[in-house]
Amino acid sequence: MITASPAERLSSPEPDWRESWRNAVTDAHELLRLVELEHLALRLPAGDAGFALRVPRGFVARMRPGDPRDPLLLQVLPQLAELEHAPGFVADAVGDLAAREAQGVLHKYHGRALLIASGSCAVNCRYCFRRHFPYGEEIAAAGQWRQALDHLRADRSISELILSGGDPLALATSKLEELSRGLAELPHVTRLRIHTRLPVVLPERIDGPFLAWLGGLRLQTVVVLHANHSREFDAGVDAACASLRQAGATLLNQSVLLRGINDDADTLGALSERLFAAGVLPYYLHQLDRVQGAAHFEVDDARALALVEEIRKRLPGYLVPRLVREVAGDASKRPL
Ligand SMILES: *Cc1c(COP(=O)(O)O)cnc(C)c1O
Ligand code: SF4
């Protein structure tokens with residue numbers, strides 16, 4: 001193996017994460033070419049089925065060439081099934097619009113306020129509620145976070161702030177610094193939680209300036225990743241997780257139970273083991289939000305429960321995620 005000398009490494013610095021972001025694959029034909037499945041082009045829906053294809057090249061590199069059932073590919077490739085009408089699958093499946101309290105602020109659960117920090121993601125997951133969310137005006141980061149901060153200052157019951165989206169780490173680190181300066185106005189907030197898929201799909205986002213920001217916060221920090229399959233992990237993801245932990249964050253993961261992708265006990269068990277190897281504990285296993293265009297991913301509740309019972313027999317309790325569904329109007333995620 002040839003390794004670069006330190007001097008060589010300095011003269012060819014790691015590409016900036018924004019470059020990887022911009023270079024993402026956005027064309028379905030190109031994606032199929034990269035994974036050697038050109039013949040599937042006939043099965044692509046016209047116009048990406050109303051939700052653009054987007055996937056970083058580093059994530060594509062983890063797909064198995066020539067495998068049309070690859071679990072990473074199936075999360076991002078538009079399918080004809082998305083165009084089928086399915087009763088009960090709607091645009092605002094989780095009642096987000098009703099929980100809005102200020103620009104980009106959702107307050108559904110006691111003590112926790114969720115900020116829609118950004119409307120963008122590095123990857124577009126076909127099963128996501130985001131495919132229909134009207135982000136236009138609903139970004140908490142707009143105007144130096146002013147509306148959100150004013151609202152949060154007035155509500156002393158909130159001790160935990162959750163940055164979500166979209167992906168909050170789509171924001172420049174300078175935008176996150178702006179928020180943390182504002183947090184000085186909110187002494188009642190003691191925890192900051194970040195819901196992000198970027199450490200998994202674009203681990204180069206976890207760079208020096210971001211880690212310095214995270215490590216310098218006065219708050220306790222929790223980073224909730226989103227991975228659905230053990231094969232989403234590679235050395236780059238492991239390194240990002242290790243850095244996050246070194247910066248003081250507790251690492252958790254949420255997954256979505258997806259038919260044809262992770263709906264068997266071996267796959268779920270392997271995911272939990274792989275998470276723990278990266279220093280991450282499984283948190284939630286979500287039943288799919290019933291969003292229009294995602295019905296073909298749904299696993300029925302009886303099978304979901306049976307799967308979790310099966311992994312409970314195989315794994316230590318701390319590696320068994322909580323199976324939940326989000327129900328509009330509930331006071332918490334609903335356990336199944
Ligand atoms: C899921 C969610 C939370 C976090 O719930 P936890 O059970 O604490 O993980 C908070 N606010 C909103 C609006 C949510 O959708
Ligand atoms: S919000 Fe999460 S699940 Fe939805 S597209 Fe973005 S990364 Fe994927």
Side-chain angles (χ1 to χ4, degrees), residues 21 24 26 48 51-56 59 72 74-78 92-102 104-133 135 138-140 148 152 155 157-171 191-202 205 222-229 232 250 252-258 261-262 281-289 291 293-294 297 321-335:
W21 182 293
T26 55
D48 284 346
F51 186 46
L53 179 149
R54 175 168 193 94
V55 53
F59 196 72
L72 280 59
L74 291 179
Q75 294 180 51
V76 300
L77 184 69
D92 182 18
V94 292
D96 271 348
L97 296 178
R100 178 196 188 277
E101 286 193 340
V105 180
L106 301 183
H107 191 184
K108 283 190 191 174
Y109 305 145
H110 180 77
R112 289 148 289 169
L114 183 147
L115 301 189
I116 299 173
S118 145
S120 325
C121 290
V123 63
N124 282 347
C125 312
R126 307 311 299 179
Y127 49 84
C128 181
F129 68 93
R130 199 174 71 86
R131 58 187 300 150
H132 305 294
F133 196 80
Y135 283 104
E138 280 310 317
I139 301 298
L152 295 165
D155 188 343
S157 74
I158 293 169
S159 57
E160 178 165 332
L161 214 57
I162 303 174
L163 301 186
S164 187
D167 201 306
L169 298 194
L171 296 174
R191 277 194 304 275
L192 183 72
R193 185 186 335 174
I194 303 176
H195 284 181
T196 176
R197 191 146 160 67
L198 275 178
V200 176
V201 299
L202 200 98
R205 174 65 185 94
V222 182
V223 175
V224 182
L225 308 175
H226 172 185
N228 301 312
H229 196 283
E232 291 174 46
T250 297
L252 305 173
N253 181 66
Q254 43 189 349
S255 310
V256 181
L257 186 58
L258 297 166
I261 292 174
N262 60 10
L281 284 174
Y283 180 38
Y284 282 142
L285 177 61
H286 290 271
Q287 270 295 47
L288 188 77
D289 296 327
V291 292
F297 287 119
R322 303 156 179 81
L323 179 65
V324 293
R325 158 169 292 124
E326 185 156 357
V327 181
D330 273 18
S332 71
K333 306 279 186 254
R334 184 181 291 184

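In listed order, ligands and their atoms are each counted from 1.
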Distance-only, no hydrogens or angles: does the Arg131 side chain make a donor-acceptor pair with backbone N or O of Asn124 under 3.5 Å? no
Audit row: Gln254, His286, side-chain hydrogen bond (donor to acceptor under 3.5 Å, both in side chains) steps and yes/no: CA-CA 7 Å; Gln254 43 189 349; His286 290 271; 2.7 Å; yes
Listing by chain and number, what protein N/O/S atoms are under 2.8 Å from atom 8 (Fe) of ligand 2? Cys125 SG
Contact table ligand 1 N or O to protein N or O, d under 3.5 Å:
| from | atom 1 | to | atom 2 | distance (Å) |
| --- | --- | --- | --- | --- |
| ligand 1 | 7 (O) | Tyr284 | OH | 2.6 |
| ligand 1 | 8 (O) | Arg112 | NH1 | 2.6 |
| ligand 1 | 8 (O) | Arg193 | NH2 | 2.7 |
| ligand 1 | 9 (O) | Arg193 | NH1 | 2.8 |
| ligand 1 | 9 (O) | Arg193 | NH2 | 3.4 |
| ligand 1 | 9 (O) | Tyr283 | OH | 2.6 |
| ligand 1 | 15 (O) | Glu326 | OE2 | 3.3 |
| ligand 1 | 15 (O) | Lys333 | NZ | 2.9 |

Answer whether the closest heavy-atom distance between the side chains of Pro56 and Val123 falls below 4.5 Å. yes
Does atom CZ (Arg100) have a neighbourhood of more than 12 heavy atoms from anything else shown, all under 6.0 Å? yes
Minimum heavy-atom distance Ala170-Leu198, with the two atoms named: N-CD1, 3.8 Å
Which heavy atom of Ala117 sits nearest a heavy atom of Ile139, and at what distance? O-CG2, 3.3 Å
Would you confirm whether Arg193, through its side chain, and Leu114, through its main-chain N or O, come within 3.5 Å as a donor-acceptor pair? no
4.5 Å side-chain heavy-atom contact, Val222 and Tyr283: no
Given 3.5 Å as the limit, does a donor-acceptor pair link the side chain of Asn262 with the main chain of His229, or not? no
